[in-house]
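Computed from heavy atoms alone, side chains included, the values below leave out hydrogens, waters and symmetry copies. None of these values were measured; they are calculated from a predicted model.
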Amino acid sequence: MDLDPADVSSNPSTATSFAEVVQSRLSRRAALTGGMAVAAGFLTTSLAEAPAASAAPGRAVPRAADLLGFTPVPLSTADEIRVPVGYTATAFLPWGTPITGSFPQFVPGGNTAAEQEQQVGMHHDGMHYFPLERGPGGNERGLLVLNHEYTDEAYLQTGTATMPPAADWTLEMVRRSQAAHGVSVVEIHRGEGGRWAVARSRLNRRITATTPMSFAGPAAGHALLRTTADPDGIRPLGTVNNCSHGVTPWGTYLTCEENFNGYFRVEPGAYSPEQAALSSRYGVGGDRNLWATNDERFVVTPDEANEPNRFGWVVEIDPFDPGSTPVKRTALGRVKHEGAFVHVTKGGRVVVYTGDDQVNEYMYKFVSSGSWQSLRARGRSPLDEGTLYVARFDDDGSGHWLPLVHGQGPLTEANGFTDQGDVLVRTRLAASALGATRMDRPEWATVDPTTGMVYLTLTNNTSSAKVENAANPRKPNPWGHIIRWQEAGGDHAATTFEWDLFLLAGQGRSSGDGSTLADEDAFGSPDGLWADPDGRVWIQTDGTQPTGANDQMLAANPHRTDAADVPEIRRFLTGVVNCEVTGVVTTPDQRTMFVNIQHPGDGGGSTWPRLDGISTPRSATVIVTKDDGGVIGT
């Protein structure tokens, strides 16, 4: 079986790995017995005594001890969504839902490219709910904005698991695939009987792999971004492989380009030695969606070698202006972005946390040069002016943010970095030059609003490079883990921090005396992550699960730990066969939760969500409510 590209290392760095760092920490703790554990003893803030969140208008916040009030659901292999007793889950907005134009109905394998451009895209991932009214009305009407990571070409082109031969590929098939990528902006409202429905709204929008965009920030117009079609290097087309997301305080949506590298076919002799080094570091090539068969934009030749450099960015979208042009914000760096979580410091500076989802890659944050309100008042984007940093985790529990700034340290012209734009286009190479810590597929990050603690999921690492380039306390690390850190002085713009392990995933928890507890909270491959306003940490999985079960979503209460320092954790939702559970957000009152189910039946075995008599598996959003109308999780 072919390895997932994210499980193959392209990082030749010999810097200290996270595994080596953590092993030093764990030597002082009896934390691992082959299952899930926690090492949380040295952080200066006691999370068990952390304060609860401030109450939102109209409701009381539960005490830390009461954050999790539901009965956990067991592991599942069923082709259905399961939630706790007292909750209801309903499938909503599946791939192909009509939202714009003539509102064409979904026909498995039968919609044209033009029709797909008017329908919800495929393989839902990162998602946010933007209320359209102030006060209680915002819980009933809003914009649900979700991105689409990739396409399953067999189901897309035929409606079945049968993949058409490459020789039969046409331009129409390529355009259909490109139209199923990108982002969907959908106005939704709660109607009769409390059921949510799609509104025929002027705000509804599809952004695809062919939508005109712009570049902004230090790399805009750089020589490495110029093509024959765009000699100025400022007008890229489209966004692909969008994974996770972010939300700005000024009301825009950030979508993150992840595994863009696999959409291109590289012709022999296409690269100079310098270009080949850059391409290799990002793993460009493969033409996995067969776009290069009919779209020359995705064919890399000696005359057109820069198109891959125009992907791998964070893209800002204004969901309230359907005529606005999406902007690729180059100051945030070019990596395989898994998320762009935005946090605002007490001084109003914007901090954006983003992981680079491949084994042995790095964790980054961007800090704006000033307060976001001040910058915007002067007509400047807070995402264009600031400093990008990469993380180094030291073995004494301290950490450092290393600036990716041209002219500082090794990032000089003498070492091949010509200017700041070059540093940002070649972010991975710059981070390696600084000696950043290699990690186990760094994915989603979130900030607990009640403590300021930053959490990061690391999915797993079982690559053949694991022995030399390990990035985790376990060798190999098939289950993954979650780390957390506190920025110095509680200032998220700080350049130092204290870190520790939060959870080591696996086949059940380890107790303090080394005995193994029940698998009631076992999980593997943590991926999606979100700390809600009360401080619950929602954990979603993508990959191998204990006992071969379906992927799942759990809720952790970091404010309450047992005698072994293990945080309270309960399984809240189990997905369907061969899916990924990803993307989670609630309405402002936290009484409606939206969760995405991606690629059900990947490899077969599912017919979910079985809406309108259609058995073709379709990614969809799940709406979760509590039967008594209460806050989700309590």
Chemist: Taking P108's backbone N and O only, do any of them form a donor-acceptor pair with Y155's side chain (distance below 3.5 Å, no angle check)?
Modeler: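 Side chain of Y155 to backbone of P108, a donor-acceptor pair under 3.5 Å: no, none is there.
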Chemist: Between V576 and I81, is the side-chain contact (heavy atoms from CB on, under 4.5 Å) condition met? List the steps.
Modeler: CA-CA 6 Å; V576 301; I81 303 297; 3.7 Å; yes
Chemist: Listed by chain and number, what are the salt bridge (charged side-chain N to carboxylate O under 4.0 Å, His left out) partners of E133, not counting sequence neighbours?
Modeler: R141
Chemist: Can a donor-acceptor pair be found, under 3.5 Å and without considering hydrogens, that links the side chain of N204 to the backbone of I99?
Modeler: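 At least one qualifying donor-acceptor pair exists.
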Chemist: Are the side chains of Y150 and Q598 in touch, meaning some heavy atoms are under 4.5 Å apart?
Modeler: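 Yes, their side chains come closer than 4.5 Å.
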Chemist: E304: which residues meet the salt bridge (charged side-chain N to carboxylate O under 4.0 Å, His left out) condition with it, sequence neighbours left out?
Modeler: none
Chemist: For a quick check under 3.5 Å, do D125 and N596 share a side-chain donor-acceptor pair by atom type?
Modeler: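 N596 and D125 do not have a side-chain donor-acceptor pair below 3.5 Å.
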Chemist: With a 6.0 Å cut-off on the ring centroids, do Y129 and F594 count as close?
Modeler: yes
Chemist: Would you say the side-chain atoms of S619 pair up with the backbone N or O of H599, donor to acceptor, closer than 3.5 Å?
Modeler: yes
Chemist: A cation-pi test, strictly: NZ or CZ of R571 under 6.0 Å from the centre of the six-membered ring of F523 and no more than 45 degrees from its axis. Yes or no?
Modeler: no
Chemist: Is a donor from one side chain sitting under 3.5 angstrom from an acceptor on the other, for N261 and K336?
Modeler: yes
Chemist: Show which side-chain atoms of residues 206-217 pair as donor or acceptor with protein atoms under 3.5 Å away, not counting sequence neighbours.
Modeler:
from: R206; atom 1: NE; to: V183; atom 2: O; distance (Å): 3.1
from: R206; atom 1: NE; to: S184; atom 2: OG; distance (Å): 3.2
from: R206; atom 1: NH1; to: Q116; atom 2: O; distance (Å): 3.3
from: R206; atom 1: NH1; to: Q119; atom 2: O; distance (Å): 2.8
from: R206; atom 1: NH1; to: A179; atom 2: O; distance (Å): 2.9
from: R206; atom 1: NH2; to: A179; atom 2: O; distance (Å): 3.1
from: R206; atom 1: NH2; to: H181; atom 2: O; distance (Å): 2.4
from: T208; atom 1: OG1; to: T210; atom 2: N; distance (Å): 3.2
from: T208; atom 1: OG1; to: T210; atom 2: OG1; distance (Å): 3.2
from: T211; atom 1: OG1; to: T208; atom 2: N; distance (Å): 2.9

Chemist: Assess the pair Y253 and H128: is the distance between their ring centroids shorter than 6.0 Å?
Modeler: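 Distance test on ring centres: not under 6.0 Å, no.
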Chemist: Between N242 and E257, do the side chains contain an N or O donor and an N or O acceptor separated by less than 3.5 Å?
Modeler: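 No, no side-chain donor-acceptor pair sits under 3.5 Å.
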Chemist: Okay, side chain of T446, backbone of W530: is any donor-acceptor separation there less than 3.5 Å?
Modeler: no
Chemist: Between T97 and F106, is a side-chain contact (heavy atoms from CB on, under 4.5 Å) present by the stated rule, with each step listed?
Modeler: CA-CA 6 Å; T97 299; F106 176 70; over 6 Å; no
Chemist: Among all residues two or more places apart in sequence or in another chain, which pass the salt bridge (charged side-chain N to carboxylate O under 4.0 Å, His left out) test with R329?
Modeler: E316, D384
Chemist: Pairing donors with acceptors under 3.5 angstrom, does anything connect the side chains of S244 and E338?
Modeler: no
Chemist: Output the distance between atom CG (L93) and atom CD1 (I188), rounded to the nearest 0.5 Å.
Modeler: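 Answer for the CG-CD1 pair, L93 versus I188, is 6.5 Å.
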Chemist: Out of curiosity, C243 SG to E580 CD, how far, rounded to the nearest 0.5 Å?
Modeler: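 If we round to the nearest 0.5 Å, C243:SG and E580:CD are 6.5 Å apart.
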Chemist: Which atom names give the shortest non-hydrogen contact between P84 and V73, and what distance separates them?
Modeler: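 Closest pair (atom of P84, atom of V73, distance): N-CG1, 3.4 Å.
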Chemist: Does a donor on one side chain sit under 3.5 Å from an acceptor on the other, for D527 and T582?
Modeler: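 Side-chain D/A pair, D527 to T582: absent.
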Chemist: Kindly state each residue pair satisfying salt bridge (charged side-chain N to carboxylate O under 4.0 Å, His left out) with at least one member in residues 195-204, sequence neighbours excluded.
Modeler: none
Chemist: Can you check side-chain contact (heavy atoms from CB on, under 4.5 Å) on T90 and V622, steps first, answer last?
Modeler: CA-CA 5 Å; T90 306; V622 172; over 6 Å; no
Chemist: Give a yes or no on whether a salt bridge exists between E361 and R281, defined as a side-chain N under 4.0 angstrom from a carboxylate O.
Modeler: yes
Chemist: Show the nearest heavy-atom pair for residues P319 and V145, with the distance to one decimal.
Modeler: CB-CG2, 3.9 Å
Chemist: Taking atom types as modelled, find out whether Y263 and D287 have a side-chain donor-acceptor pair closer than 3.5 angstrom.
Modeler: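 No, because no side-chain N or O of Y263 sits under 3.5 Å from a partner of the opposite role on D287.
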Chemist: So, for N241 and N259, which heavy atoms are closest and what is the spacing to 0.1 Å?
Modeler: OD1-N, 2.8 Å
Chemist: When the ring centroid of W313 is compared with that of F260, is the distance short of 6.0 Å?
Modeler: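 Not close enough - the centres of the two rings lie 6.0 Å or further apart.
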Chemist: Examine distances only and state if a side-chain atom of D79 and a backbone atom of S606 form a donor-acceptor pair shorter than 3.5 Å.
Modeler: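 No; zero donor-acceptor contacts below 3.5 Å.
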Chemist: Is there a side-chain contact between M173 and P164 in this structure, where contact means two heavy atoms from C-beta onward sitting under 4.5 Å apart?
Modeler: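 Heavy-atom side-chain distance check passes, below 4.5 Å.
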Chemist: What is the distance from atom OG1 of T587 to atom CE of M593, rounded to the nearest 0.5 Å?
Modeler: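 T587 atom OG1 to M593 atom CE measures 9.5 Å (nearest 0.5 Å).
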Chemist: Got a second to check how far L424's CG is from N309's CG, nearest 0.5 Å?
Modeler: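 Rounded to the nearest 0.5 Å, the CG-CG separation comes out at 12.5 Å.
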Chemist: Applying salt bridge (charged side-chain N to carboxylate O under 4.0 Å, His left out), run through R310 and E307 and close with a yes or a no.
Modeler: CA-CA 5 Å; R310 293 153 69 88; E307 187 66 26; 3.3 Å; yes
Chemist: Will you find, in the side chains of T77 and N550, an N or O donor that is under 3.5 Å from an N or O acceptor?
Modeler: no
Chemist: Are the side chain of D321 and the backbone of G323 linked by a donor-acceptor contact shorter than 3.5 Å?
Modeler: yes
Chemist: Is the centre of the W538 ring less than 6.0 Å from the centre of the F572 ring?
Modeler: yes
Chemist: Rounded to the nearest 0.5 Å, how far does OG1 of T158 lie from CG of D152?
Modeler: 8.5 Å
Chemist: Do you see a donor-acceptor pair shorter than 3.5 Å between the side chains of Q178 and D295?
Modeler: yes
Chemist: Run the side-chain contact (heavy atoms from CB on, under 4.5 Å) check on R176 and L156 step by step: do they pass?
Modeler: CA-CA 8 Å; R176 186 184 305 156; L156 178 67; 4.2 Å; yes
Chemist: For E115, give me all partners under salt bridge (charged side-chain N to carboxylate O under 4.0 Å, His left out), at least two apart in sequence or on another chain.
Modeler: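 Scan of E115 (salt bridge (charged side-chain N to carboxylate O under 4.0 Å, His left out), adjacent residues dropped) gives none.
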Chemist: Looking only at atom types and distance, does a side-chain atom of D589 sit under 3.5 Å from a main-chain N or O of R591, one as donor and one as acceptor?
Modeler: yes
Chemist: Ignoring hydrogens and angles, tell me if any N or O in the side chain of T541 forms a donor-acceptor pair with the backbone of D551 under 3.5 Å.
Modeler: no
Chemist: Walk me through it: do F298 and F264 pass the test ring pair (Phe, Tyr, Trp, His ring centres under 6.0 Å)?
Modeler: CA-CA 5 Å; F298 293 90; F264 298 88; 5.2 Å; yes
Chemist: Return the CG to CD1 distance between L458 and I482, rounded to the nearest 0.5 Å.
Modeler: 8.5 Å
Chemist: Using only heavy-atom distances, determine whether the side chains of E153 and S177 contain a donor-acceptor pair under 3.5 Å.
Modeler: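 Yes, S177 and E153 have a side-chain donor paired with an acceptor closer than 3.5 Å.
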Chemist: Would you confirm whether H337, through its side chain, and G333, through its main-chain N or O, come within 3.5 Å as a donor-acceptor pair?
Modeler: yes
Chemist: Quick check with a 6.0 Å cut-off and a 45 degree axis cone: is R334 positioned over the face of F311's six-membered ring?
Modeler: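 Not flagged: R334 not positioned over aromatic ring of F311.
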Chemist: Do F92 and W196 have ring centroids that are under 6.0 Å from one another?
Modeler: no
Chemist: Taking T574 for the side chain and Q552 for the main chain, is one N or O donor matched with an acceptor at less than 3.5 Å?
Modeler: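 No, the answer is negative, given that no donor and acceptor are paired below the 3.5 Å cut-off.
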Chemist: Are D440 and N477 close enough that a side-chain donor and a side-chain acceptor fall under 3.5 Å?
Modeler: yes
Chemist: Taking atom types as modelled, find out whether T457 and R441 have a side-chain donor-acceptor pair closer than 3.5 angstrom.
Modeler: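 No, because no side-chain N or O of T457 sits under 3.5 Å from a partner of the opposite role on R441.
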Chemist: Would you please say whether a donor-acceptor pair under 3.5 Å links the side chains of T252 and W250?
Modeler: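 A pair is found: one side chain offers a donor N or O, the other an acceptor, under 3.5 Å apart.
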